[in-house]
2 protein chains.
Amino acid sequence: MKHLPHKTIERLSQYRRALLICLDKGQTHIYSHEIAKIQHITAVQVRRDLMLIGYTGTLRKGYNVKELIELIGEIIDSQEGINVAIIGMGNLGRALINYFAGKRSHLKIVASFDINPDKIGNTMSGVPCFSSDDMGKIIPEKNIKVGIMTVPAEFASQTTDALVKAGIKGILNYTPKPVTVPKEVYLEEYDMITSLEKVAFYVKLNEKEEE
Amino acid sequence: MKHLPHKTIERLSQYRRALLICLDKGQTHIYSHEIAKIQHITAVQVRRDLMLIGYTGTLRKGYNVKELIELIGEIIDSQEGINVAIIGMGNLGRALINYFAGKRSHLKIVASFDINPDKIGNTMSGVPCFSSDDMGKIIPEKNIKVGIMTVPAEFASQTTDALVKAGIKGILNYTPKPVTVPKEVYLEEYDMITSLEKVAFYVKLNEKEEE
DNA sequence: AGAAATTTGTTATTTTTTTCACACTGTTAG
DNA sequence: CTAACAGTGTGAAAAAAATAACAAATTTCT
Ligand SMILES: NC(=O)c1ccc[n+]([C@@H]2O[C@H](COP(=O)([O-])OP(=O)(O)OC[C@H]3O[C@@H](n4cnc5c(N)ncnc54)[C@H](O)[C@@H]3O)[C@@H](O)[C@H]2O)c1
Ligand SMILES: NC(=O)c1ccc[n+]([C@@H]2O[C@H](COP(=O)([O-])OP(=O)(O)OC[C@H]3O[C@@H](n4cnc5c(N)ncnc54)[C@H](O)[C@@H]3O)[C@@H](O)[C@H]2O)c1
């Protein structure tokens, strides 16, 4: 396999989640158009993605749910698992830790960091909170590869620098402040305001078109 | 102007945020490559986007920060503003309401909904919480156009249906459960697990390539 | 004043992503 | 048994997005 399109990676993760639900319901096989419907895309797109990862279904029966889940896992998960930290135990950080903790086995949240002394030393959803000053020590020690950044925007840059210095390999930045990392660190930024403004834009557009 | 690429819309929102920060700092002009650097894209891309919205900068001086902010506002905001509701006042819902409330003037969070009697009747960050049973009444009454969905995944579908029935025009779904809406409703889904898995994937990939 | 440097605006090109179109093949109904 | 059907797999085409290339214009330097 050469290299998978960016978008395919995202969709594979989404397919898997849909498939896990099907598996729970006891469904053994699924058609490309069923997956497509769930994800609001076309069946061809699904088949193409699966072609890219080299999975081939059964003619007229569709894809084997269990097999496909496993294959997607082989592609997008790393066997050893990846340790993750959340930096900034505020509203968003707490929501995330609650949500993620114990969900995905290969993505383990093993630490959180904050500067507020009231938070340092506590444990939340089984995840201990350390002082941000100790990132340089804890991150290599716990073999943390990925950091989810939920500090106030004004601390985004300095936190990023500290993470990079501590040897982090990937950052998911939920701060609205774009940050910069060296090219060996993978950076993903997501801004909720952008999503909301986008929805608002298309709502407005639809309304205009109706006139 | 014909129609702007999907991606351009997202970037415009991001440019604006970057520009607002510049404005605060007293910067009056900005070059395309400065904007580009902040957003991790190329200067050509920025110039192209601005070309699409018909903004033209000053040669050798760059773009007028204030003017550009205003133009972007004219393009992506609706003058009357858009009223927004959050459905599901759990961890994520509360984080969002705290975060959004009073941030963007044209996007006003005017209501929240929940089924938990302890939450109904309360006010958070100035936003009143109503019973989800009343969505059909409150949404048209308060002229709410967009709903941010943060209910537990298992309630995603029924909440969506209720929102659509109440006349909502756009939904931002933060639930990991994909939902279906009629085509006149704009739907945006975002799944944090997908983002995290994507980061993990590329981290793993980078490590492999280093070998 | 003229040359060099810098930045915009836009056309053309390339790359990436999506969709089309259709061959192929089990399955089912008659 | 066979024809119609319903699905997969994939090369080719189209569409969308990003990048390159460069003319034009303004500032700055000499
Ligand atoms: N709350 C949301 O729904 C939401 C949505 C989108 C984006 N965001 C962004 O996420 C970030 C956090 O939002 P929030 O609502 O949780 O804010 P918050 O103020 O509730 O939490 C911030 C936390 O970070 C800690 N902190 C401050 N400086 C730090 C540092 N240098 N190192 C480590 N921790 C530090 C604070 O002690 C606090 O616990 C902000 O940048 C915000 O813009 C939040
Ligand atoms: N917490 C996170 O960081 C996070 C991250 C990504 C996605 N999510 C998703 O967001 C959703 C909410 O997460 P959370 O952590 O806030 O969960 P939560 O359990 O803390 O909150 C859910 C809230 O929704 C309310 N609710 C339940 N049924 C409802 C209904 N029919 N109508 C209106 N309100 C209803 C509950 O009373 C509760 O207040 C979940 O689907 C979760 O998967 C959460």
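A note on names: the letters A, B, ... follow the listed sequences, proteins ahead of strands, and every chain is numbered from 1.
- The salt bridge (Lys or Arg N to Asp or Glu O under 4.0 Å) test applied to A/Asp77 returns A/Arg16, not counting sequence neighbours.
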- line: Protein-proximity profile, nucleotides 24-30 of chain C, B/S/- by nucleotide at the 4.0 Å heavy-atom cutoff, equals -BBB---

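- Using modelled atom types, one side-chain atom of A/His40 and one backbone atom of B/Val179 make a donor-acceptor pair closer than 3.5 Å.
- Between A/Gln45 and C/dT17, a side-chain N or O to OP1/OP2 separation shorter than 4.0 Å is absent.
- B/Lys177 is linked by a side chain to side chain donor-acceptor pair (under 3.5 Å) to B/Ser157, counting only residues two or more places apart in sequence or in another chain.
- Applying the side chain to side chain donor-acceptor pair (under 3.5 Å) test to residues at least two apart or on different chains, the pairs with a partner in residues 50-72 of chain B are B/Tyr55-B/Glu67.
- Atom CE in A/Met51 sits roughly 14 Å away from atom P in C/dT17 (whole-Å rounding).
- A search for side-chain contact (heavy atoms from CB on, under 4.5 Å) contacts involving B/Ala18 returns B/Ile38, B/Gln39, not counting sequence neighbours.
- Residues passing the side chain to side chain donor-acceptor pair (under 3.5 Å) test with A/Thr194 are B/Ser13, B/Arg17, sequence neighbours excluded.
- With sequence neighbours excluded, the residues forming a salt bridge (Lys or Arg N to Asp or Glu O under 4.0 Å) with B/Arg11 are B/Asp49, listed by chain and number.
- Taking atom NZ of B/Lys7 as the reference point, atom C1' of C/dT18 lies 13 Å away to the nearest angstrom.
- Under the side chain to side chain donor-acceptor pair (under 3.5 Å) criterion, A/Tyr99 pairs with no residue, sequence neighbours left out.
- Each side chain to side chain donor-acceptor pair (under 3.5 Å) pair with one or both residues in residues 20-37 of chain B, not counting sequence neighbours, appears once here: B/Ser32-B/Arg47.
- Taking a heavy-atom distance under 4.0 Å as the criterion, the stretch of DNA chain D touched by chain A extends 5' to 3' from D/dC5 to D/dA12.
- Residues from residues 28-44 of chain B that place a heavy atom under 4.0 Å from any atom of DNA chain C, listed by number: B/Tyr31, B/Ser32, B/His33, B/Val44.
- Residues forming a salt bridge (Lys or Arg N to Asp or Glu O under 4.0 Å) with B/Glu10 (at least two apart in sequence, or on another chain): A/Lys198.
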